[in-house]
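Data first, discussion second: the structure below is written as structure tokens.
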2 protein chains.
Amino acid sequence: MNRLAKLGDDDNYALACLQFLPETIRANRYLVREGDRVDRCCIVVEGYACRDKLVRKGERQIVSFHMRGDLLDLQHSLLPIADHNLTAITDVTVGWIAGETLLELAQKHPRIAQAFMKDSLIDASISREWVLNVGRRDAKTRVAHMICEFVTRRQNLGIASEAPVSLPFTQQQIGDATGLTAVHVNRMLRALREEGAFDHGDRFLKIADWQKLRAIGEFNPAYLHQAA
Amino acid sequence: MNRLAKLGDDDNYALACLQFLPETIRANRYLVREGDRVDRCCIVVEGYACRDKLVRKGERQIVSFHMRGDLLDLQHSLLPIADHNLTAITDVTVGWIAGETLLELAQKHPRIAQAFMKDSLIDASISREWVLNVGRRDAKTRVAHMICEFVTRRQNLGIASEAPVSLPFTQQQIGDATGLTAVHVNRMLRALREEGAFDHGDRFLKIADWQKLRAIGEFNPAYLHQAA
DNA sequence: CGACAGATTGACGCGCCTCAAGGTACGTGG
DNA sequence: CCACGTACCTTGAGGCGCGTCAATCTGTCG
């Protein structure tokens, strides 16, 4: 949170006093369903989750993915009806906190309110990049871009990436995030591997040539607003 | 703004005291370029604008469109580097206001801060719906959905829609917003016209069968969070 | 009147989807 | 221990939705 705004000691003390209700969910289960009335938010403690929406035919679109430390659905403190599902990508542990509590916190601590605001704004910026990604880039570029975002956000958490990293997504999930079918994702992953951008095996990923991957994915991390 | 949060008299007074710097921009000109350092936000007074991003090949993706009353790029008070262009769709008049001013306002008036927050959250919800739209829907559905959103947001402003409404977008712009080419947008518009969903001519649109259009576009306005 | 932006339509091609048939790894129960 | 089911990955063949290219038409503005 200190990454998002300069907080005072009192702010940090207030944050430290927050009570989280921990919960662990199995992979592919819902934490929240679209249309639910929700009055709490959560923070990812361990594992991976995503936000997704369905079309009538039943196809799924993942609209963002989330990892340790991400604040999820801050919006439910102000917008009680969920406009998307919250789904576990892997087994995931989250900490729940009442929206009301966060609102009070924000009212008493303007710098915390500002940090929440900044978090939401970055979240929105990522969504805009995703619109661009699925709307105007070809399949190989989309997949490469998504992997670049994953690796970069992981690095921003301070997780090193020279070694092979575990890739939590199935090919179906990558397809759901990029607007492709799992079959075509498989072909694009193979192409990227054969071009020497990365090596990947059973849920593992080893970046072989970051500059190449970044170029193929047209990846510019500016939209993550992580200059700090 | 009263639509977003319950404001007190002092809040409304503070808002009324804001000084806006008006500016009028011609259609297709930029208000802000991606990468610019920006320290002000704006509100649309008249006309239509959009946020858009470009891919390397030069193709454009519109990531949201905006009309009278929309607050644009509130984010620039906290994130100084623009992650997208702000472009005039038609000739458009906006009112500029310093990000610093908005921050101070938010710090002094928690309910206004909350209203800003809510506005941003709704904006983000719309982006997520767009990811779904371009990622998983077919061309006719996408175009219908975009028109549904346009009509609905216009109605939420209190602009009646029984009569033919002016449609500010060119077919190229509809394509840029839906991830299609102008040629294919033309064919989809014709299909929707022939199915009796709407009639449209030179920048005009007359909804003939809202239920049909809504069904084709799989449009559910919940994501606009306008229950108020 | 010419220049230009936008709309319209047709012919054709390609990128991605669909369908299908395995293959591999792993867990579970007999 | 093997038999079986399940989830995921892999690869091929064929088809379709949308893109590309190009020509024409319209309205508007100088």
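Chain identifiers are assigned alphabetically (A, B, ...) following the order of the sequence lines, protein sequences preceding nucleic acid strands; residue numbering begins at 1 within each chain.
Across the protein-nucleic acid pair, A:Phe204 atom CZ and D:dC9 atom C1' stand 16 Å apart, rounded to whole Å. Taking atom CD1 of residue A:Ile89 and atom P of nucleotide D:dA7, one finds them 18 Å apart after rounding to whole Å. For the pair B:Asp91 CG and D:dC29 C1', the interatomic distance rounds to 14 Å; values are reported in whole Å.
OP1 or OP2 of D:dT10 has not a single side-chain nitrogen or oxygen of A:Arg190 nearer than 4.0 Å.
Checking A:Arg137 against A:His145 by side-chain atom types alone, a donor-acceptor pair falls below 3.5 Å. B:Gln171 and B:Asn186 are linked by a side-chain donor-acceptor pair at a separation below 3.5 angstrom, with hydrogens and angles left out of the test. A donor-acceptor pair shorter than 3.5 Å can be found between the side chains of B:Thr24 and B:Thr93. For the 3.5 Å distance criterion, the side chains of B:Asn133 and B:Glu129 fail to qualify, holding no donor opposite an acceptor. With 3.5 Å as the limit, one finds a donor-acceptor pair spanning the side chains of A:His225 and B:Asp83. Remark: the B:Asp138 side chain and the B:Thr141 side chain contain an N/O donor-acceptor pair separated by less than 3.5 Å.
More than 12 heavy atoms of other residues, nucleotides or ligands shown are found within 6.0 angstrom of CD on B:Glu23.
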Could you check A:Arg51 against A:Ser64 for side chain to side chain donor-acceptor pair (under 3.5 Å), going step by step and ending with a plain yes or no? CA-CA 5 Å; A:Arg51 296 194 277 204; A:Ser64 63; 3.0 Å; yes
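Direction change of the helix axis from one end of the helix from C:dC1-D:dG30 to C:dG30-D:dC1 to the other is 30°, with five pairs defining each end axis (rounded to 10°).
Note: B:Phe150 and B:Phe169 have perpendicular aromatic rings, judged against thresholds of 30 and 60 degrees for the angle between ring planes.
Both tests do not hold together for B:Arg68 against B:Tyr48: distance to the six-membered ring centre under 6.0 Å, angle to the ring axis within 45°.
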Protein and nucleotides 4-7 of chain C: nitrogen or oxygen contacts under 3.5 angstrom:
from: C:dA7; atom 1: OP2; to: B:Gln171; atom 2: N; distance (Å): 2.9

Polar atom pairs between nucleotides 16-22 of chain C and protein, under 3.5 Å, N or O only, would you list them?
from: C:dC16; atom 1: OP1; to: A:Ala139; atom 2: N; distance (Å): 2.9
from: C:dC17; atom 1: OP1; to: A:Thr181; atom 2: N; distance (Å): 3.3
from: C:dC17; atom 1: OP2; to: A:Thr181; atom 2: N; distance (Å): 3.3
from: C:dC17; atom 1: OP2; to: A:Thr181; atom 2: OG1; distance (Å): 3.0
from: C:dT18; atom 1: O4; to: A:Arg187; atom 2: NH2; distance (Å): 3.1

